[in-house]
*Asks:* 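Before I ask anything, let me first share the structure, which is written out below as structure tokens.
Quick caveat, the model's predicted, so the values are computed rather than measured. Proteins get letters first, then strands, A, B, ... in listed order; numbering begins at 1 in each.
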Protein chains: 2
Amino acid sequence: MTIERLLQKLRKRDEVSDEEEKILREIIEPPRSVAPRQYLIREGEPLTRSTLLIEGIMGRYKDMRDGQRQIMELHVAGDFADLHGFTLKRLDHDVMTMTECRVSSAPHDALNYITEHYPRLTRLLWFTTNVDAAIHRVWTASLGRRDAIARLAHLVCELQQRLQLVGLASASEYGLPLTQADLAECLGLTPVHVNRVLKELRERELMTFRSGRVTIYDLPKLKRLAEFSSDYLYLDRRSS
Amino acid sequence: MTIERLLQKLRKRDEVSDEEEKILREIIEPPRSVAPRQYLIREGEPLTRSTLLIEGIMGRYKDMRDGQRQIMELHVAGDFADLHGFTLKRLDHDVMTMTECRVSSAPHDALNYITEHYPRLTRLLWFTTNVDAAIHRVWTASLGRRDAIARLAHLVCELQQRLQLVGLASASEYGLPLTQADLAECLGLTPVHVNRVLKELRERELMTFRSGRVTIYDLPKLKRLAEFSSDYLYLDRRSS
DNA sequence: CGGCGAATTGACCCGCATCAACTATCGTGG
DNA sequence: CCACGATAGTTGATGCGGGTCAATTCGCCG
């Protein structure tokens, strides 16, 4: 249970040979625990390794001058939180644990070695950073063009899909140990308004979010409300 | 004047050897012209080549059910508009010319060849897709947490910086042949409100946008208003 | 001169923010 | 065991930024 979820996700998209699996296992360091609400990476700091999230939830944050924050992406088990740091060498945002997490690292030297000797695996890792970008695009569209209720519904659908992919969600519920204020920081809303929107979703009998758990009563309706399509998560096999 | 601007940008970030330049030149096909407002790529369609923008402006679009659109990124000369398509094999958005454009293509087979034989160049191309993602993140933060005037100012600063990088902008002006409605689709606003915000920027003597040209009167003040820092464009040399 | 898309401006409206008070939950120490 | 303090959630009253609708004007081209 270290890189299993990562492999599970990669294999949904493309084949991973035994040799590729072996080299991946070799470069991933032993996991360690991190307390909730800890900064793993600060904006601008030089990076020499990338972080694989084994368990828990992490977020990519940007701080604004006035103390407001925007979360740009949430990470779940099996995600690299900062694989883009491998080519960027520093980040334009912070990375923080939202909950208690278990994480491992992949040294950039080792990733470099992969790019020198495993081109297919390299393309697959590149692919995963491009899926992160696709998620960014959907969030951009949400913030630009969806109203508060559709935005929240979309986030709930996205996490359902991504958590299901690694066996952590069913069609009707999953654990999401975040606060309403966290959701507000994802959605470009205030905590107060998130609360009101959750109330409306509850009253419309679409879903509830209580004590760190999402319960979905009618997923198809929720998806329709959110105008959600999972295409952007690239869950099907690639031809290449 | 085909891949010159691309090389110019890449060399700002890292070295490109003669051999790497040679292979890049070989895989890029001869440029062709495309009229304004033409779809180059439609969401979901299978891709076998990636598009290098030689001249003009292109945009990445998402359409919403109700006919609204959100632009997720603008591309300028020297950008690959869909290099992410190389690993994704289809896109989650449309790509459209905003102006008359000159474009070339790089077949995915040839890019594959690069990943097999030129790991350093591969990392550099991977890097450029990660910068696109960084741009997405900044737009996300803009839409989530900046008000209309700061959002518009930020976009103007970003384009100034990116166009300057390829020699198409000075500190005080650059050509930007878009309509106010185009800007609205970037900024998650209505054309009417973009108009009002432009008026305010004019009256505060920060900048003007008229007949396809941005004129900046006070770039430092504009950057302060926008809370703009160019860090996310990764313009400095990487250590790797 | 006429036509058409883009820009401009005014009047009015609404979704979400703001401010403030109150409740619920839970861990901690006396 | 209860008092407490802290954090999260809930609700109401009010205000504002940006949307909507509609009428003009501008600029360009035929």
*Asks:* Contact class for Arg210(A) (heavy atom, under 4.0 Å): base, sugar-phosphate, or nothing?
*Replies:* nothing
*Asks:* What is the nucleic acid contact for Gly212(B), judged by heavy atoms within less than 4.0 Å: base, sugar-phosphate only, or nothing?
*Replies:* nothing
*Asks:* Among dG18(D), dG10(C), dT18(C), which nucleotide sits nearest the side chain of Leu189(B)?
*Replies:* dG18(D)
*Asks:* Which one, dG19(D), dA8(D), dA22(D), comes nearest to the side chain of Val192(B)?
*Replies:* dA22(D)
*Asks:* Arg202(B) has a side chain; which of dA11(C), dG18(D), dT8(C) sits nearest to it?
*Replies:* dT8(C)
*Asks:* Taking the side chain of Thr179(A) as heavy atoms from C-beta outward, which of dT10(D), dG19(D), dA8(D) is closest to it?
*Replies:* dA8(D)
*Asks:* Does Arg196(A) make a side-chain donor-acceptor contact with the base of dG15(C), cut-off 3.5 Å?
*Replies:* no
*Asks:* Working to the nearest 0.5 angstrom, can you tell me the gap between Arg162(B) CZ and Asp79(B) CG?
*Replies:* 5.0 Å
*Asks:* It should be established whether Lys199(A) places a side-chain nitrogen or oxygen under 4.0 Å from OP1 or OP2 of nucleotide dT10(D).
*Replies:* no
*Asks:* Go through dT10(D), dG19(D), dT18(C) for me and flag the one nearest to the Thr190(A) side chain.
*Replies:* dT18(C)
*Asks:* dT10(D), OP1 or OP2 - any side-chain N/O from Gln180(A) closer than 4.0 Å?
*Replies:* yes
*Asks:* Where do Met207(A) and Val214(A) land on the side-chain contact (heavy atoms from CB on, under 4.5 Å) test, with the steps shown first?
*Replies:* CA-CA 7 Å; Met207(A) 57 160 290; Val214(A) 169; 4.2 Å; yes
*Asks:* Can you label the angle between the His84(A) ring and the His93(A) ring as parallel, tilted or perpendicular, going by 30° and 60°?
*Replies:* parallel
*Asks:* With nearest nucleotide decided by heavy atoms, which residue, Ser211(B) or Asp147(B), maps closer to the 5′ end of DNA chain D?
*Replies:* Asp147(B)
*Asks:* Side chain of Asn195(B): nearest nucleotide among dT8(C), dT18(C), dG19(D)?
*Replies:* dT8(C)
*Asks:* Quick one: which of dG18(D), dC16(C), dG9(D) gets closest to the side chain of Ala148(A)?
*Replies:* dC16(C)
